[in-house]
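What follows is a set of notes on a single structure, which appears directly below.
Letters A, B, ... mirror the listed sequences (proteins, then strands); counts begin at 1. These numbers come from the heavy atoms of this one structure, side chains and all, not from hydrogens, waters or symmetry mates.
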Amino acid sequence: DTGVSQDPRHKITKRGQNVTFRCDPISEHNRLYWYRQTLGQGPEFLTYFQNEAQLEKSRLLSDRFSAERPKGSFSTLEIQRTEQGDSAMYLCASSLLQGQTQYFGPGTRLLVL
Amino acid sequence: DAKTTQPPSMDCAEGRAANLPCNHSTISGNEYVYWYRQIHSQGPQYIIHGLKNNETNEMASLIITEDRKSSTLILPHATLRDTAVYYCIVRSTIQGAQKLVFGQGTRLTINP
């Protein structure tokens, strides 16, 4: 059973550029979650999917953020017009069923210059 | 989800048992206690979870008090690789309560 994978692991971009991150969940996990973690803080929930449906979005997910999971497998998180405040670790997790344990990927560390 | 309170930091000698406390005095009947840890620059790693009874797996033991208002994660023989931030999370499993709410966690340092 391969774990959750994320790509890229690191991304440096200039302010105003768009970035896209990918998450591949554990095979057959139908729930997929995105979290963000800034330095010194615990992860904060952004959004989650059940299969291809996006069921909940945090207020942290501004208009510049969009997440998709078109075929119910991998997911992408796009940030448009990046700002320095978007610099953080973006974490993806997946779980098999409602209420089941979430397993996290290694994260994508974003630095906006 | 209920809030949790953990000490910000702890130290433990290598080879000894590390006991990490967590207070969750407002926990409700349908909420589980989950423990994750995060080693520097990695994603959180699931350790263990429980509802009422004590639980043990290959990584750790979880002791939950009878009133469920607090719990202790026990790493029986700590190694240097156990140095990490440990998060205690109370999570409901009812419909619509899907997210994990992380606090600041406990930074555990294992000393040689």
(message) Within the 4.5 Å heavy-atom criterion, are A:Y90 and A:L77 side-chain neighbours or not?
(response) yes
(request) Please confirm whether A:R31 makes a cation-pi placement over A:F49, using NZ or CZ under 6.0 Å from the six-membered ring centre and within 45° of the ring normal. (result) no
(request) Rounded to the nearest 0.5 Å, what's the gap from CG on A:L60 to CZ on A:R36? Could you check? (result) 5.5 Å
(request) Just give me the residue among B:Y32, B:Y46, B:F102, B:Y36 that pairs up with chain A most often, heavy atom to heavy atom, under 4.5 Å. (result) B:F102
(message) Please rank B:Q38, B:R107, B:Q42 by heavy-atom pairs under 4.5 Å with chain A and give me the top one.
(response) B:Q38
(request) Among A:S95, A:P25, A:C92, find the residue that satisfies the side-chain contact (heavy atoms from CB on, under 4.5 Å) test when tested with A:Y33. (result) A:S95
(request) Check whether B:Q45 gets within reach of chain A through its side chain, its backbone, both or neither, counting any heavy atom under 4.5 Å. (result) neither
(request) Using a cut-off of under 4.5 Å on heavy-atom pairs, state which of A:Q37, A:R109, A:R9 scores highest against chain B. (result) A:Q37
